[in-house]
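What follows is a single structure, written as structure tokens, with notes after it.
So you know, we letter chains A, B, ... as the sequences are listed, proteins then strands, and number each from 1.
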There are 2 protein chains.
Amino acid sequence: MSVQERKERERARRERLIVETARELAEKDGWDAVTTRRLAERIEYSQPVLYSHFRGKREIIGAVAMDGCTELAQVARAAAAGAEGLRAKVTAVARAYLDFGRRNPALYDAIFQLDGGLLFASDETPEPLKDAFAAMLEVFGEVAGDGVHPALFTEVFWTFLHGQVTLARAGRTPEEFTDQRLELFIGRMAVFPPD
Amino acid sequence: MSVQERKERERARRERLIVETARELAEKDGWDAVTTRRLAERIEYSQPVLYSHFRGKREIIGAVAMDGCTELAQVARAAAAGAEGLRAKVTAVARAYLDFGRRNPALYDAIFQLDGGLLFASDETPEPLKDAFAAMLEVFGEVAGDGVHPALFTEVFWTFLHGQVTLARAGRTPEEFTDQRLELFIGRMAVFPPD
DNA sequence: CTCTCATGTCTAGCGGTGCTAGGATTCTTT
DNA sequence: AAAGAATCCTAGCACCGCTAGACATGAGAG
């Protein structure tokens with residue numbers, strides 16, 4: 001049965017290669033440039049091989065989106081861990097989110113714009129996405145204030161950040177104002193408990 | 001020279017027809033279903049006619065987006081006019097925005113997702129878009145609070161609404177929660193001057 | 001009223017897309 | 001070593017956005 005295992009390993013390996021290559025291509029030239037032909041050529045296989053791993057292009061984008069979610073969760077957790085005190089943590093996570101969106105536009109699009117079919121507040125919500133939300137909930141939920149459900153508050157926070165990322169990209173608002181907007185938002189929305 | 005004028009009138013008429021048909025198709029079956037062939041067939045002309053009016057498909061989408069902007073501005077102004085008192089006005093405009101996004105997803109996408117090439121905070125920002133922003137500024141700017149630039153505050157507000165629209169669509173969050181989120185946001189962000 | 005010419009429109013086709021059927025090849029197993 | 005199964009590639013489908021060049025239709029001159 002070792003042969004079987006080896007094959008499965010190699011298959012999984014190739015699947016990783018596909019997803020990573022798709023992401024690279026997207027980051028370099030945009031998702032429009034990620035065609036099945038180019039992708040197949042890059043991984044040095046023919047097109048049908050892609051379809052033996054994924055049902056179609058959308059599913060490949062979806063896989064890239066998954067990766068993006070886990071990364072986003074990591075980034076958020078790292079930012080929280082690297083900051084001292086609640087106020088600093090909140091700001092750090094928010095900034096990390098905005099940076100993530102700005103620095104990985106293709107990855108961000110894979111998650112939100114292009115419908116790889118990611119559902120959110122649902123049972124079918126993929127695990128990585130849930131985890132990314134959980135990572136933000138851990139920090140933002142702390143400053144929801146009395147009588148406000150932490151998840152609801154986090155949704156509002158996330159919503160703001162998401163809008164900030166997409167509109168900032170389209171309108172190329174200078175960074176200085178982005179920071180001001182963030183401060184304004186946190187200053188009024190977040191309730192910091194007295195220590 | 002009347003012949004010339006008649007021709008120009010007919011041309012303009014046809015251009016309107018193209019844009020409206022494109023919008024209808026998009027609202028019915030999504031933007032992917034709006035192909036130059038289908039569009040041409042619908043207006044009962046051949047494809048090249050489309051290209052005599054617009055440089056390409058993106059420009060057609062852009063034209064639809066323009067229409068969407070002017071409509072958005074109208075909707076916002078109507079909502080403001082239909083409400084009594086500042087607090088009610090703010091809520092009404094916000095609700096109108098969310099409704100607009102929910103009810104005209106294709107139109108909304110034309111404005112924000114699909115890059116019809118709409119720039120925002122720039123000199124080249126198209127007039128209708130500027131006007132839509134102005135419509136919101138008229139209301140939201142009133143509750144920015146002391147020491148906060150009205151435009152900056154409006155941007156934050158808009159950003160929140162935009163995120164709400166896009167995330168709500170992906171995650172199909174029930175309407176009741178959307179309302180709760182809006183209340184939470186307004187309750188903390190808006191500063192209502194004492195009357 | 002006819003001829004000329006320009007304007008406007010369509011047919012046909014290019015290179016590209018996502019995706020797939022069916023033949024060829026390789027590898028495992030008996 | 002032969003048989004069978006698993007794997008992969010070639011070739012092609014229907015469709016996409018877009019355009020060159022043939023064609024028709026209309027306006028203005030004689």
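- A straight line from CZ of B/Arg11 to C1' of C/dT7 spans 11 Å, rounded to a whole angstrom.
- Atom CZ of B/Arg87 has 12 or fewer heavy atoms from other residues, nucleotides or ligands within 6.0 Å.
- If you measure from atom NE2 of A/His53 to atom P of D/dA6, you get 16 Å, rounded to the nearest angstrom.
- Atom CG in A/Leu25 sits roughly 16 Å away from atom C1' in C/dG18 (whole-Å rounding).
- For B/Ser52 (side chain) and B/Val49 (main-chain N/O), a donor-acceptor pair under 3.5 Å exists by modelled atom type.
- Under the 4.0 Å criterion applied to side-chain N and carboxylate O atoms, A/Lys28 and A/Glu24 are not assigned as salt-bridge partners.
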> What string of B, S and - do you get for nucleotides 9-16 of chain D, 5' to 3', when a contact is any protein heavy atom under 4.0 Å?
Replying inline: BB-B---B
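- Close to D/dC18, at under 4.0 Å from its OP1 or OP2, lies a side-chain N or O of B/Tyr51.
- Residue-level contact check: B/Arg55 touches neither bases nor backbone, having no heavy atom under 4.0 Å from any strand.
- No more than 12 heavy atoms of other residues, nucleotides or ligands lie within 6.0 Å of CD in A/Glu84, so this atom counts as exposed by the packing criterion.
- Using a 4.0 Å cut-off between charged side-chain N and carboxylate O, B/Asp29 and B/Arg38 make no salt bridge.
- We find that CD1 of B/Ile61 is positioned 15 Å from C1' of D/dC18, with the value rounded to whole Å.
- The distance from atom CG of B/Leu39 to atom P of C/dC10 is 13 Å, rounded to the nearest whole Å.
- Between B/Ile60 atom CD1 and D/dC18 atom C1' the separation is 11 Å, expressed in whole Å.
- Within a 6.0 Å sphere centred on CD of A/Glu20, heavy atoms belonging to other residues, nucleotides or ligands number more than 12.
- If you measure from atom CZ of B/Phe54 to atom P of D/dG17, you get 15 Å, rounded to the nearest angstrom.
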